Amino acid sequence: MADLEQYLLAALTGLGFGYIISRVGSTPSRLLVILIALWTLQTGSQFIYRALDGIDVRDEVVVVTSLRVTFTAFAVLVVWALDRRTT
């Protein structure tokens with residue numbers, strides 16, 4: 001399982017990333033789709049390949065996924081909040 005520090009780091013970097021993306025110009029739904037597609041394409045095939053090679057990746061998948069969900073939630077929340085504030 002991931003440590004509290006890892007979740008805090010994911011949340012803080014998600015806040016920063018969301019702020020940068022909101023300044024560049026994006027919508028929360030677009031950001032969500034992009035992050036899901038990026039991370040699925042980035043590590044999904046790696047986990048599948050390693051699992052087919054006989055390596056147990058279950059714990060790693062849970063940790064990586066939970067940290068990425070935390071990052072994504074905070075990034076999308078910031079973009080949503082700043083988008084609502086400016087309109």
Side-chain angles (χ1 to χ4, degrees):
M1 204 62 183
D3 296 332
L4 178 61
E5 292 86 14
Q6 291 176 304
Y7 284 109
L8 289 174
L9 184 61
L12 289 174
T13 55
L15 290 171
F17 186 75
Y19 178 77
I20 292 169
I21 294 300
S22 71
R23 297 297 103 196
V24 171
S26 185
T27 63
S29 59
R30 183 181 304 153
L31 177 60
L32 183 64
V33 168
I34 288 171
L35 287 176
I36 289 172
L38 171 70
W39 286 337
T40 302
L41 294 171
Q42 182 184 26
T43 58
S45 58
Q46 293 173 4
F47 286 140
I48 292 170
Y49 179 78
R50 288 175 49 215
L52 292 175
D53 208 25
I55 300 170
D56 185 14
V57 294
R58 286 180 289 185
D59 293 336
E60 187 178 351
V61 168
V62 169
V63 169
V64 169
T65 302
S66 65
L67 291 171
R68 287 182 175 178
V69 165
T70 302
F71 177 92
T72 301
F74 277 90
V76 169
L77 181 66
V78 167
V79 172
W80 175 80
L82 292 176
D83 187 44
R84 285 186 53 103
R85 192 183 86 185
T86 59
T87 56

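The shown structure was predicted, so the numbers you read here are calculated from the model rather than taken from an experiment.
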**Q** Would you give the length of the straight line joining atom CG of L8 to atom OG1 of T70, rounded to the nearest 0.5 angstrom?
**A**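 If I round to the nearest 0.5 Å, the distance is 9.5 Å.
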**Q** How far apart are the closest heavy atoms of T27 and V79, and which atoms are they?
**A**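 Looks like C-CG1, 3.9 Å.
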**Q** Test of understanding: clusters of I, L, V, M, F, W, Y form through side-chain heavy atoms closer than 4.5 Å, transitively. Do V78 and L12 belong to the same one?
**A**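 V78 and L12: one cluster.
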**Q** Is there a continuous path of hydrophobic side-chain contacts, each under 4.5 Å between heavy atoms, that joins L4 to V63?
**A**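 No, separate clusters.
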**Q** OH of Y19: more than 12 outside heavy atoms within 6.0 angstrom?
**A**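 At most 12 heavy atoms, drawn from other residues, nucleotides or ligands, come within 6.0 Å of this atom.
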**Q** Just how far is it from atom CG of L67 to atom CG of D3, taken to the nearest 0.5 Å?
**A**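 The CG atom of D3 is 9.5 Å from CG of L67, to the nearest 0.5 Å.
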**Q** Answer yes if F47 and W39 sit in the same cluster of Ile, Leu, Val, Met, Phe, Trp and Tyr residues linked by side chain heavy atoms under 4.5 Å apart, and no otherwise.
**A**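 Cluster IDs for F47 and W39 differ.
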**Q** Do F74 and V69 sit in the same hydrophobic cluster, where Ile, Leu, Val, Met, Phe, Trp and Tyr count as joined when their side-chain heavy atoms come under 4.5 Å apart?
**A**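 Unlinked, F74 and V69 end up in two clusters.
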**Q** Just checking Y49: does its OH atom have more than 12 heavy atoms from other residues, nucleotides or ligands closer to it than 6.0 angstrom?
**A**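 12 or below, so no.
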**Q** If you look at every heavy atom in P28 and V76, which pair is closest and at what distance?
**A**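 Answer, listing the atom of P28 first, then V76: CB-CG1, 3.8 Å.
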**Q** Just do the side chain to side chain contact (heavy atoms under 4.5 Å, CB included) check on E60 and Q46 with the steps written out, would you?
**A** CA-CA 11 Å; E60 187 178 351; Q46 293 173 4; over 6 Å; no
**Q** Nearest 0.5 Å please: distance from the CD1 atom of I21 over to the CG atom of L82.
**A**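 Rounded to the nearest 0.5 Å, the CD1-CG separation comes to 12.0 Å.
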**Q** How long is the span from the CG atom in L15 to the CD1 atom in I20, to the nearest 0.5 Å?
**A**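 The CG atom of L15 sits 11.5 Å away from the CD1 atom of I20.
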**Q** Rounded to the nearest 0.5 Å, how far does CG of L35 lie from CZ of R30?
**A**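 The CG atom of L35 is 12.5 Å from CZ of R30, to the nearest 0.5 Å.
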**Q** Look up atom CD1 in I36 and atom CG in L31, then write down how far apart they are to the nearest 0.5 Å.
**A**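 Atom-to-atom, I36:CD1 and L31:CG are 9.5 Å apart.
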